[in-house]
Amino acid sequence: MRPNLLERLFFMCDLYPVLRPLLFCFDAERAHHLAVLGLRYGPSLGGRRVVDPALQTTVAGLAFQNPIGMAAGFDKNAEVIGPVLKLGFGFTEVGTVTPKPQAGNPQPRMFRLVEQQAVINRMGFNNKGLEGYTARLKKRPRTLGIVGANIGKNKDTADAISDYEIGLRAVAEFADYVTINVSSPNTPGLRALQEKSDLSNLLTRLQAVRKDCAKQPPLFLKIAPDLDETMRQGIAEVALETGIDALIISNTTISRPLPESTPHGAETGGLSGRPVFALSTAVLADMYKRTHGKVPLIGVGGVFNGADAYAKIRAGASLVQVYSAMVYEGPCLANRINAELLTLLKQDGFTSVADAVGADHRI
Ligand SMILES: Cc1cc2nc3c(=O)[nH]c(=O)nc-3n(C[C@H](O)[C@H](O)[C@H](O)COP(=O)(O)O)c2cc1C
């Protein structure tokens with residue numbers, strides 16, 4: 001498909017630095033809605049897709065054109081799957097979706113920390129529910145890239161596991177993989193599901209549900225960066241015992257590795273973006289060691305460029321996801337990261353992403 005004039009112009013100049021001050025006139029959530037609307041109805045502005053055999057990789061039996069994905073939370077309702085993939089991403093993870101629609105927390109609930117290139121959010125799984133989500137997932141384009149469905153629980157559901165079972169049954173047929181999200185800090189009690197016995201129970205039940213599904217997608221588990229050693233060891237053991245297909249590391253942090261005076265720094269919620277890079281990468285490297293490199297890992301948190309993505313890969317990530325950097329860097333991000341990553345891989349003599357996974361542990 002040939003890019004039209006507007007698309008070519010945008011890519012050549014990467015106009016986002018010009019557009020960004022306009023978008024930043026709106027509060028963060030409204031700007032996000034505008035971005036989603038722009039993707040849905042506007043031209044594709046991501047520029048020329050970076051394609052190279054060295055970027056292609058297979059994880060959990062799925063063939064990814066490149067290792068850079070859009071993280072969950074950007075496309076909560078599975079409304080812009082095609083447009084996001086056309087920005088050059090190898091995959092996109094849509095959701096978190098809950099069985100019933102829910103409004104989430106009162107606004108304002110998303111804040112830009114501009115100097116820190118960070119975001120704090122306490123959205124609380126605002127989403128339109130499984131019904132429409134599943135219908136859109138079913139109609140998605142099949143050839144543009146891999147699509148994961150991220151499932152969660154409604155705030156008012158007492159039996160959390162039943163919500164995950166409902167979610168998995170609904171999306172299994174239409175998603176390439178399914179992520180079990182037990183790590184959002186904005187749903188009361190959710191993160192307790194990361195505790196060893198609860199997690200083991202949850203994953204065992206979900207694997208039983210998957211067995212009964214006509215199509216059986218790989219199951220990924222998304223964890224928080226705020227876990228003590230006991231919790232991390234418990235997750236590693238459960239991951240190995242249950243044979244979970246991948247771990248996504250990590251969600252946002254409730255910690256605040258920020259200067260004290262940071263505007264919005266004291267808002268309640270999960271912090272993402274640059275300040276979470278070091279913490280999430282340290283947890284990633286630790287989980288790679290605890291799982292002996294046997295469980296594929298997906299690195300998320302503070303990735304802004306090729307060097308950040310490469311650092312996650314060397315720390316143990318087979319794939320990398322981004323969200324906050326989209327706010328600050330705009331639609332050319334995925335192609336830029338892939339181009340830079342390619343150069344870095346070649347510089348160090350790696351012929352593929354897979355060759356570089358966990359390289360830091362072999363020094
Ligand atoms: C506004 C916002 C909403 C998010 N919503 C979700 C969500 O619904 N489900 C989820 O698993 N992660 C969610 N995340 C977390 C991201 O997927 C990602 O794990 C985290 O932001 C760290 O990556 P980043 O530093 O590249 O943003 C959200 C993040 C942000 C900033």
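In what follows, every heavy atom counts, from backbone to side chain, and hydrogens, waters and symmetry copies are set aside. Whatever order the structure lists ligands and atoms in, that order sets their numbers, starting from 1.
- For a heavy-atom separation below 4.0 Å, the residues in contact with ligand 1 are Ala71, Ala72, Gly73, Lys76, Gly95, Thr96, Met110, Val119, Asn121, Asn150, Asn181, Lys222, Ser250, Asn251, Thr252, Ser272, Gly273, Val276, Val300, Gly301, Gly302, Val322, Tyr323, Ser324.
- Counting only N and O atoms by type, the side chains of Thr157 and Asp159 include no donor and acceptor under 3.5 Å apart.
- In this view, Lys289 satisfies the salt bridge (charged side-chain N to carboxylate O under 4.0 Å, His left out) rule with no residue, not counting sequence neighbours.
- Counting only residues at least two apart or on different chains, the ring-ring contact (aromatic ring centres under 6.0 Å, His included) pairs with a member in residues 96-141 are Phe111-His264.
- A cation-pi geometry, defined here as NZ or CZ lying under 6.0 Å from the six-membered ring centre and within 45° of its normal, does not hold between Arg140 and Phe174.
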Starting from the C-alpha separation in whole Å, work towards a yes-or-no answer on salt bridge (charged side-chain N to carboxylate O under 4.0 Å, His left out) for Asp245 and Arg210. CA-CA 13 Å; Asp245 297 286; Arg210 178 175 61 171; 3.1 Å; yes
Donor-acceptor contacts under 3.5 Å from residues 59-70 side chains, at least two apart:
{"from": "Gln65", "atom 1": "OE1", "to": "Arg49", "atom 2": "NE", "distance (Å)": "3.3"}
{"from": "Gln65", "atom 1": "OE1", "to": "Arg49", "atom 2": "NH2", "distance (Å)": "3.2"}
{"from": "Asn66", "atom 1": "OD1", "to": "Ile68", "atom 2": "N", "distance (Å)": "3.0"}
{"from": "Asn66", "atom 1": "OD1", "to": "Gly90", "atom 2": "N", "distance (Å)": "3.1"}
{"from": "Asn66", "atom 1": "OD1", "to": "Asn338", "atom 2": "ND2", "distance (Å)": "3.2"}
{"from": "Asn66", "atom 1": "ND2", "to": "Gly88", "atom 2": "O", "distance (Å)": "3.0"}

